[in-house]
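Take a look at the structure set out below.
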Protein chains: 2
Amino acid sequence: MTLHEAFRSAPDHRQFAWAPAPSSGSLQPVFVPAGAGIYAQGEKSDRLYRVEFGAVRVYRLFADGRRQISAFHLCGEVFGFEAHATHHFFAEAICATGIRTLHASPADELLPVALQGLARAQAHLLLLGRQNAAERVAAFLIEMSERQGGLDRIELPMSRTDIADYLGLTIETVSRVLSKLRRKGIIRLPALRSVEIAKRTTLEDMAA
Amino acid sequence: MTLHEAFRSAPDHRQFAWAPAPSSGSLQPVFVPAGAGIYAQGEKSDRLYRVEFGAVRVYRLFADGRRQISAFHLCGEVFGFEAHATHHFFAEAICATGIRTLHASPADELLPVALQGLARAQAHLLLLGRQNAAERVAAFLIEMSERQGGLDRIELPMSRTDIADYLGLTIETVSRVLSKLRRKGIIRLPALRSVEIAKRTTLEDMAA
DNA sequence: CGCAGGTTTGAGCACCCTCAACGAATGTGG
DNA sequence: CCACATTCGTTGAGGGTGCTCAAACCTGCG
C-alpha cells in the first residue's frame with residue numbers, strides 16, 4: 001500500500017474536499033470538513049492555498065506509521081508551496097475550515113511567503129534538535145499565543161496527538177508537561193482545548 | 001554577554017573573514033580560513049553567498065551553549081537568505097573555504113533557491129522529530145553521498161561535533177553509531193573524516 | 001618527540017517512550 | 001432524557017534509548 005493509498009483509506013481521513021482540479025481554480029473559499037484532506041504526498045503541486053477560517057496541518061508519514069507535522073497554518077496564512085512539482089506532504093483540515101485557492105502569483109509576491117515558511121521551519125529545527133519536552137511545550141504555547149494576537153487565552157484547534165506529532169513527542173509526554181505547568185500555576189486549562197497563560201514571563205523563560 | 005559577543009570571543013571562532021561591508025560587494029571569491037565567521041546572528045542581512053570551494057555550517061546558539069546546525073552548505077550552493085532584515089543564525093567556514101558574494105537578484109531567481117532551502121529544512125524536520133540515532137546517522141551519510149555526486153567514498157569536511165549538532169545528537173552517540181555500522185560491515189572508515197559505503201541499500205533502508 | 005584537540009569506548013543514569021488502565025467529553029440511538 | 005459507545009485526554013509503572021561523565025586512544029602538527 002502506498003502512502004497515498006494509506007492516506008485516502010485511513011479511517012481518520014474521510015475524503016478529499018474537492019475534485020482534483022477545476023482548471024480555472026475557484027476564487028470562492030471552499031469549505032473543508034474536519035479531517036478532510038487538501039492535498040496529498042505525490043500529488044501535483046500547482047497552486048497555493050490560504051486559510052480563511054479554521055486550521056490546517058501539514059505532515060509527512062513514515063512507512064511504519066510515524067508522523068511528523070511540519071507546520072500548522074491558522075487563519076490568514078498561505079501554504080502549499082513546499083515542493084517544486086509534486087507535494088512531499090499531506091495537508092488536512094484540523095477542524096471545519098475554509099480554504100481559498102490562490103492563482104499563480106509573481107515571484108516577488110511569493111518570495112516573502114516562502115521566506116517566512118523557511119524561517120518558521122528553521123526555528124522548528126532548533127526546537128526538535130535541541131530542546132527538551134518542557135521547553136518544546138512551552139515554546140509551542142508561546143508560539144500559538146503570538147499567532148493568535150498575543151492574548152493570554154489560547155484556543156487550540158488541534159488534538160494532543162497533533163501537538164505531539166508537531167513537537168516530536170508522544171501524547172502522554174505532552175499531557176504530562178501540560179499537567180505539570182498547571183500544577184505549577186503557570187497555565188490554566190479551562191477546557192480541553194483552551195489554555196490560559198497565567199505567568200507569561202515564566203513560560204517564555206522555559207521556552208528558552 | 002550577548003550571543004554575538006560570545007560568537008566573536010569563543011576560542012573556536014578566530015575572526016571574521018572580512019570587514020563588515022564593502023558597499024560594492026566583491027565579485028571575486030574571498031578566502032575564509034577554517035573556523036572563521038561569515039556572518040553572525042543579529043547582523044544586517046543584505047546579500048547572498050555562494051560556496052566556491054570548501055564547506056559552511058549555519059547554526060544557532062542557545063544561551064546555555066547548546067548548538068543546532070540547521071544546514072551545511074557545500075561547493076556550489078547558495079545560502080544567506082534565512083532572514084528578512086537581520087540574520088538569525090551564524091555562518092562559519094568549516095574548513096578553508098572560498099565564498100563569492102552575490103548581488104541583489106530578482107525574486108524569480110531567488111525563489112527556486114529559497115524553495116530548495118525550504119525543502120531541505122522540512123526534510124530535516126522529519127529526521128529531528130521522528131528518527132532515532134541510527135536512522136539519523138544513516139540518513140546523514142546518504143545525504144552527504146548524494147550531495148557529493150553519489151559516490152561510495154565520502155569526504156566529510158566537518159567534525160563529529162558538527163555532525164552531532166546537525167543531527168540533534170551528542171558526539172558520543174554519533175561515534176557509537178558509526179562504530180556499529182563499521183562492525184556490521186555497512187561502512188568502512190579509512191580515515192577520520194572519510195567514509196566508504198560498503199552496503200548502500202542496507203544504509204538506505206536504515207535511513208527509512 | 002611531545003602536546004593538544006579530536007575521537008572512541010565504557011559505565012551509570014535521566015528523560016522520554018511504551019504499555020496499560022482510568023476518566024472525561026461528545027455523539028448516537030433507544 | 002438517559003444509556004451506551006467511542007474518541008480523546010490523563011495518570012501510573014516500567015523499560016530503553018541516548019545523554020553525562022570519565023578515561024583512554026589516536027592523529028596531526030609544532
Side-chain angles (χ1 to χ4, degrees), chain A residues 10-14 33-35 57 62 64-68 94-96 127-138 140 156-183 187-195 206, chain B residues 10-14 33-35 57 62 64-68 94-96 127-138 140 155-183 187-195 206 208:
Chain A
D12 252 334
H13 313 139
R14 298 171 186 75
R57 61 177 167 247
F62 287 80
D64 60 7
R66 282 177 289 182
R67 188 178 72 156
Q68 177 64 44
I94 293 174
C95 51
L127 183 144
L128 293 176
R130 286 296 178 214
Q131 299 198 247
N132 62 29
E135 292 171 335
R136 293 183 197 202
V137 173
F140 172 74
L156 300 175
M158 69 289 286
S159 68
R160 297 286 191 268
T161 303
D162 286 336
I163 298 173
D165 285 347
Y166 179 61
L167 299 179
L169 300 171
T170 61
I171 55 175
E172 295 95 329
T173 299
V174 171
S175 181
R176 271 184 260 267
V177 171
L178 288 173
S179 296
K180 180 174 268 183
L181 290 175
R182 180 177 48 73
R183 278 196 299 274
I187 62 172
R188 277 184 288 274
L189 299 170
L192 266 179
R193 297 192 182 180
S194 296
V195 181
M206 288 186 62
Chain B
D12 250 335
H13 312 139
R14 300 170 185 76
R57 60 178 167 247
F62 286 81
D64 59 7
R66 282 177 290 182
R67 186 178 74 154
Q68 175 65 45
I94 293 174
C95 50
L127 183 144
L128 293 176
R130 287 293 179 218
Q131 299 197 245
N132 62 31
E135 291 170 336
R136 293 183 197 201
V137 174
F140 172 74
E155 299 300 326
L156 299 176
M158 69 288 288
S159 68
R160 298 286 190 268
T161 303
D162 286 336
I163 298 173
D165 285 348
Y166 180 62
L167 299 179
L169 300 170
T170 60
I171 54 173
E172 294 95 331
T173 298
V174 171
S175 181
R176 270 184 260 269
V177 171
L178 287 175
S179 296
K180 180 174 269 184
L181 290 175
R182 180 177 48 73
R183 278 195 299 275
I187 62 172
R188 277 183 289 273
L189 299 170
L192 266 179
R193 297 192 181 179
S194 297
V195 181
M206 288 186 62

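This structure is a prediction, so every number in the text was calculated from the model and none was measured. Below, chains carry the letters A, B, ... as their sequence lines are ordered, and counting in each starts from 1.
- In this entry the distance linking CD of B/Gln131 with C1' of C/dC16 reads 18 Å, nearest Å.
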Report task. List the steps, then state whether side chain to side chain contact (heavy atoms under 4.5 Å, CB included) holds for A/Tyr166 with A/Leu127. Result -> CA-CA 10 Å; A/Tyr166 179 61; A/Leu127 183 144; over 6 Å; no
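- Across all strands shown, A/Leu169 has heavy atoms under 4.0 Å from sugar-phosphate atoms exclusively, and none from any base.
- Taking atom CG of B/Asn132 as the reference point, atom P of D/dG15 lies 21 Å away to the nearest angstrom.
- An angle of 30°, rounded to 10°, separates the two end axes of the helix from C/dC1-D/dG30 to C/dG30-D/dC1, each defined over five pairs.
- One atom, CD1 of A/Ile171, and another, P of C/dC16, lie 16 Å apart when rounded to the nearest Å.
- Using a 4.0 Å heavy-atom distance criterion, A/Arg136 is classed as making no nucleic acid contact.
- One distance of note links OG of A/Ser194 with CG of A/Leu189; it measures 9.0 Å at 0.5 Å rounding.
- Regarding contacts with the backbone of D/dT11, a side-chain N or O of A/Arg182 is found under 4.0 angstrom from either OP1 or OP2.
- A/Arg57 has no carboxylate O lying under 4.0 Å from a charged side-chain N of A/Asp165, or vice versa, which leaves the two without a salt bridge.
- Regarding A/Leu167, its CG atom lies at a distance of 12 Å from the P atom of C/dC16, rounded to whole Å.
- In this entry the distance linking NZ of B/Lys180 with C1' of C/dT8 reads 15 Å, nearest Å.
- Dashed line: the shortest gap from a side-chain N or O of B/Arg193 to OP1 or OP2 of C/dT7 is under 4.0 Å.
- Contact check on B/Arg67 versus B/Asp162 returns a salt bridge, with a Lys/Arg side-chain nitrogen under 4.0 Å from an Asp/Glu carboxylate oxygen.
- Going from atom CG of A/Leu128 over to atom CG of A/Leu169 covers 8.5 Å, rounded to the nearest 0.5 Å.
- Picking from D/dT10, C/dT9, D/dC19 the nucleotide with the shortest atom distance to the side chain of A/Ser175 gives D/dT10.
- A 4.5 Å side-chain heavy-atom check between B/Met206 and B/Leu181 finds at least one atom pair inside the cut-off.
- Atom CG of B/Leu178 is separated from atom CZ of B/Arg160 by 5.0 Å, given to the nearest 0.5 angstrom.
- Across D/dC8, C/dT8, D/dG18, the shortest atom-to-atom separation from the side chain of B/Ser179 is found for C/dT8.
- Out of C/dC16, C/dT7, D/dT10, the shortest distance to the side chain of B/Leu192 is found at C/dT7.
- Rounded to a whole Å, the CG atom of A/Leu156 is 16 Å from the P atom of D/dC8.
- Looking at residues two or more places apart in sequence or on another chain, you find no side chain to side chain donor-acceptor pair (under 3.5 Å) involving B/Ser175.
- Each of A/Arg160 and A/Arg130 has a nearest nucleotide on DNA chain D; the 5'-most of these lies closest to A/Arg160.
- When the side-chain nitrogen and oxygen atoms of B/Thr170 are compared with OP1 and OP2 of D/dC19, one or more of them lie within a distance under 4.0 Å.
- With rounding to whole Å, B/Ile163 atom CD1 is found 13 Å from C/dG6 atom P.
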Requested in this report: Could you walk me through whether A/Arg193 and A/Ser159 pass side chain to side chain contact (heavy atoms under 4.5 Å, CB included), step by step?
Outcome: CA-CA 8 Å; A/Arg193 297 192 182 180; A/Ser159 68; 3.4 Å; yes
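- The side chain of B/Thr173 lies closest to D/dC19 when the candidates are D/dC19, C/dC17, C/dT7.
- For the pair B/Arg183 CZ and C/dG10 C1', the computed distance is 12 Å after rounding to whole Å.
- Using a 4.5 Å heavy-atom cutoff, the side chains of A/Val177 and A/Phe140 are not in contact.
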Show the distances under 3.5 angstrom between N or O atoms of the protein and N or O atoms of nucleotides 21-25 of chain D.
{"residue": "D/dC21", "atom": "N4", "partner": "B/Glu172", "partner atom": "OE2", "Å": "3.0"}

